[in-house]
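Below, chain A is the first sequence line, B the second, and so on; all start at residue 1. Source: prediction; values computed, not measured.
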2 protein chains.
Amino acid sequence: MFEMKGCTHGHQSPPTTSYDTRQRILDAATEIFAKEGYGKATVRDICQRANANVAAVNYHFGDKEKLYSEVLMQTYQAMLNRHPTSGGVPEGASPEERLAGFIRAFCRRIYGGGPESYLSWMMAREMAEPSPALDDVVQKMVRPQQQQLIAILNALLGPGLPEQALRFAMGSVLGQILFFHYCRPVVERLFPERKGLLPDPDQLADAIAAVSIPGLKALRAKYERAQEGR
Amino acid sequence: MFEMKGCTHGHQSPPTTSYDTRQRILDAATEIFAKEGYGKATVRDICQRANANVAAVNYHFGDKEKLYSEVLMQTYQAMLNRHPTSGGVPEGASPEERLAGFIRAFCRRIYGGGPESYLSWMMAREMAEPSPALDDVVQKMVRPQQQQLIAILNALLGPGLPEQALRFAMGSVLGQILFFHYCRPVVERLFPERKGLLPDPDQLADAIAAVSIPGLKALRAKYERAQEGR
DNA sequence: TTTCATTTCAAACATGCGCTTGAATCAATA
DNA sequence: TATTGATTCAAGCGCATGTTTGAAATGAAA
């Protein structure tokens, strides 16, 4: 019987030969999981692309699902490192500027194209078919971003808003950002002349900010009116 | 060898015994495809729930994929019959009222709950993993709605807007509507105390209209300023 | 060189899947 | 009743998949 310790052998040698195989499998799996989805991706395909034996996945990761979890977490972490949530806007900037920065950073992550968007594809599939790995991803990766957005919205709208209004405001911003990504199959079929073209991240971000900032202020006014009218 | 004519036999008798089986399979398949997705749904499960033999799917529909196509088209048609796109707002109403009606009808379709939302689940899966049936659904079902929304936005924003701005405006409205549905797995994990609860359709629709109408007018102003500044 | 734990490998195992088959059943017609 | 075409059925075929297995290869330590 095998002992699946894999990476944490008692000796040293972090980048041993086995590590190479492990990393090759991770890289191949990232691409294939993103393009095919968890269900359609086969460990045979992954191992072939990684120049590894079929048994390598089970030896190094236990099973296909644990491999997927590691791919998802690692891809999310890599993306956060590359695109910090703030969008480069300093802490002390106005709420409007910070919201615009948040939107721009998010749009660049998603609509930047290339292998950097593997994470977006995987997350889109998680929405249709959540995997056991999603709990961890949300708690460790998504929640900090969401809290940052909530903080910005609180600053922009004033702290008196009911929780439900804050959730709606959050959904308003995120929904606008994600639409062209999550609904891409429909958008491509509605505008076939633009097939394969992604919206320009910065132009889209500007448009969303231009709608959201006046729009959210109007939303606050609506809630304040409802408060007074009671 | 069998001749798979199924429903269109040369004689009369629309609701013969065979039709019962066919319809039972359609109903069972609708539920299972919506809940499990095309890939995880098995024809064995479907036939068991329909009290039919495994071979019945192939006999009546040819194969699993043709069954799915029929389920998807039929479910979409049923939903459109039940929730007309206009939201009950008359043709001659103001663009603002028509937009609010469109948003409200859409939200009710999606967040109404119950088996009526089977379509939304299936469409969400189509976004992650488009099936061959999606082309037809978009052309026959989605496009008319999209053109209606575009017409409303044209009336609201004036006809001079560049195409890209119109697409962004369309995405802004639809993205806000769809967010809590398409990102439900993440939203549920971010707000576990609200797990299983859907946003109230009318409250959400009001909030989206309250953001979108002032927001979109601001977007137009931005494009007009860009036009002049050139 | 010998030893020994780690890693790789070809082969196959076990399972679940969509689909097919040919006979049995059913219902309408002559 | 006898005939005929449509439908149902139990059984199983063929295939792809995740996983296991036991042996072979590898490479550092003794």
Asker: For A:Tyr68 and D:dT17, what is the distance between atoms OH and P respectively, to the nearest whole Å?
Answerer: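 Distance check: A:Tyr68 OH to D:dT17 P gives 18 Å.
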
Asker: Report the relative orientation of the aromatic rings in B:Phe33 and B:Tyr38; use parallel for angles under 30°, tilted for 30 to 60°, perpendicular for over 60°.
Answerer: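 Geometry flag for B:Tyr38 against B:Phe33: parallel rings.
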
Asker: Starting from C1' on D:dT7, measure out to CZ on B:Arg22 and report it in whole angstrom.
Answerer: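 About 14 Å, once rounded to whole Å.
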
Asker: Of the options D:dA6, D:dA11, C:dT21, whose atoms approach the side-chain atoms of B:Ala55 most closely?
Answerer: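 Nearest listed nucleotide: C:dT21.
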
Asker: For the side chain of A:Asn53, starting at C-beta, report the closest nucleotide among C:dT8, D:dC9, D:dA11.
Answerer: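 Nearest to the side chain of A:Asn53 among the choices is C:dT8.
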
Asker: Given atom CD of B:Gln23 and atom P of D:dT7, what is their separation to the nearest angstrom?
Answerer: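 Checked: the CD to P distance equals 15 Å.
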
Asker: Side chains of A:Lys66 and A:Glu70: does their closest heavy-atom pair fall under 4.5 Å?
Answerer: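 Not in contact.
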
Asker: So do the side chains of A:Ile152 and A:Phe102 get within less than 4.5 Å of each other, counting heavy atoms only?
Answerer: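 In short, these two side chains touch, coming nearer than 4.5 Å.
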
Asker: Without swapping roles, check the side chain of A:Tyr111 against the backbone of A:Phe180 for a donor-acceptor pair under 3.5 Å.
Answerer: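 Answer holds: yes.
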
Asker: If you look at every strand shown and take non-hydrogen atoms under 4.0 Å, does A:Val43 touch a base, only sugar-phosphate, or nothing?
Answerer: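 Base contact.
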
Asker: Nearest whole angstrom, please: distance from the P of C:dC9 to the CD of A:Gln48.
Answerer: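 Atom CD in A:Gln48 sits about 13 Å away from atom P in C:dC9.
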
Asker: Please report, rounded to the nearest Å, how far the P atom of C:dC19 is from the CZ atom of B:Phe61.
Answerer: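 After rounding, the reported distance stands at 13 Å.
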
Asker: Choosing from D:dT8, D:dT19, C:dC19, which nucleotide comes nearest the side chain of B:Thr21?
Answerer: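 Side chain of B:Thr21 sits closest to D:dT8.
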
Asker: Whether the side chain of A:Arg44 and the base of D:dG18 hold a donor-acceptor pair under 3.5 Å is what I'd like checked.
Answerer: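 Answer yes: a donor N or O sits under 3.5 Å from an acceptor.
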
Asker: Please report, rounded to the nearest Å, how far the P atom of D:dA16 is from the CD1 atom of A:Ile46.
Answerer: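 Interatomic distance, CD1 of A:Ile46 to P of D:dA16: 18 Å.
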
Asker: For B:Lys64 and C:dC19, what is the distance between atoms NZ and C1' respectively, to the nearest whole Å?
Answerer: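 For the pair B:Lys64 NZ and C:dC19 C1', the rounded distance is 12 Å.
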
Asker: Roughly, in whole Å, what's the span from CG in A:Asn51 to C1' in C:dA10?
Answerer: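 It works out to 16 Å between those atoms.
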
Asker: Let's see if you can work this out: which of C:dC9, D:dT19, D:dT8 has an atom nearest to the side-chain heavy atoms of B:His60?
Answerer: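 Ranking C:dC9, D:dT19, D:dT8 by closest atom to the B:His60 side chain puts D:dT8 first.
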
Asker: I want to verify a distance call: between C:dC19, C:dG18, D:dT19, whose nearest atom is closest to the A:Asn58 side chain?
Answerer: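 My answer, after comparing the listed nucleotides, is D:dT19.
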
Asker: Rounded to the nearest 0.5 Å, how far does CE of B:Met122 lie from CZ of B:Arg125?
Answerer: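 Between B:Arg125 CZ and B:Met122 CE, I get 9.5 Å after rounding to 0.5 Å.
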
